[in-house]
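First comes the structure, then the notes that go with it.
So you know, we letter chains A, B, ... as the sequences are listed, proteins then strands, and number each from 1.
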Amino acid sequence: MRYWLMKSEPDEVSIDDVMASPRQTTAWFGVRNYQARNFMRDQMQVGDGVLFYHSSCPEPGIAGLAEIVSTPYPDASQFDANSKYYDAKATPEQPRWISIDVKGTRKTRLLSLAEMRTISALEEMVVLQKGSRLSITPVTPAQWKTIVTLLKE
DNA sequence: GCCAACGTTGGC
DNA sequence: GCCAACGTTGGC
């Protein structure tokens, strides 16, 4: 059982979109970074906890809680020439990118990036490190507990 | 829109 | 394998 922070641009997929999806579940596709892919491929397991983070928006921060509900499978958008995620070097025989299904647990109040930076128990979070821009980053159990506690009520 | 930081590409 | 050039991310 691990914990993750996953970034999504709310203009693309927001926490509201996830909660409005059938079974509150959405396919996480479009990851085109090897480090993030490897986290999904090698470490994620069904039941892992997810901090759903809104990025590239007026108020970035954690907007909800979610969980991993599938094992990895090929990301269909890599084969779609009309997709912005198309990858000419990927083939169905040798896929390069993967998807995983994420189920929203609940929308929370926004724990903004600015507020996160004021919490000393979170200062080691990967996402808060200078220059960090990975879309999927590991979260420690202690960090998870701190955040979930802050988001209770 | 700016720009720091990081990742990828491709010539050599 | 090096590394310059270029592209992307994402907060501000």
Rounded to whole Å, how long is the line connecting atom [atom1] of [X] with atom [atom2] of [N]?
X: Lys130(A); N: dG10(C); atom1: NZ; atom2: C1'; value: 14 Å
X: Gln129(A); N: dC6(B); atom1: CD; atom2: P; value: 11 Å
X: Tyr34(A); N: dT9(C); atom1: OH; atom2: C1'; value: 17 Å
X: Met6(A); N: dG10(C); atom1: CE; atom2: P; value: 13 Å
X: Lys84(A); N: dG7(C); atom1: NZ; atom2: P; value: 18 Å
X: Lys89(A); N: dT9(B); atom1: NZ; atom2: C1'; value: 8 Å
X: Arg133(A); N: dT8(B); atom1: CZ; atom2: P; value: 9 Å
X: Met116(A); N: dG11(C); atom1: CE; atom2: P; value: 10 Å

Just compare [options] and give me whichever is closest to any side-chain atom of [X].
X: Arg117(A); options: dA5(B), dC12(C), dT8(B); answer: dC12(C)
X: Pro60(A); options: dG11(C), dT8(C), dT8(B); answer: dG11(C)
X: Ser56(A); options: dG10(C), dG7(B), dA5(B); answer: dG10(C)
X: Leu113(A); options: dT8(B), dC12(C), dC6(B); answer: dC12(C)
X: Ser55(A); options: dA5(B), dG10(C), dC12(C); answer: dG10(C)

State, with a plain yes or no, whether a side-chain heavy atom of [X] is found less than 4.5 Å away from one of [Y].
X: Tyr53(A); Y: Pro60(A); result: yes
X: Val50(A); Y: Leu5(A); result: no
X: Tyr85(A); Y: Gln78(A); result: no
X: Ile147(A); Y: Leu122(A); result: yes

Measuring to OP1 and OP2 of dG10(C), would you say a side-chain N or O of Lys7(A) lies under 4.0 angstrom away?
yes
Under 4.0 angstrom between Tyr53(A) side-chain N/O and dG11(C) OP1 or OP2
yes
Would you indicate what Glu9(A) reaches in the nucleic acid, counting non-hydrogen atoms under 4.0 angstrom: base, sugar-phosphate, or nothing?
nothing
Is the distance between the ring centroids of Tyr34(A) and Trp97(A) under 6.0 Å?
yes
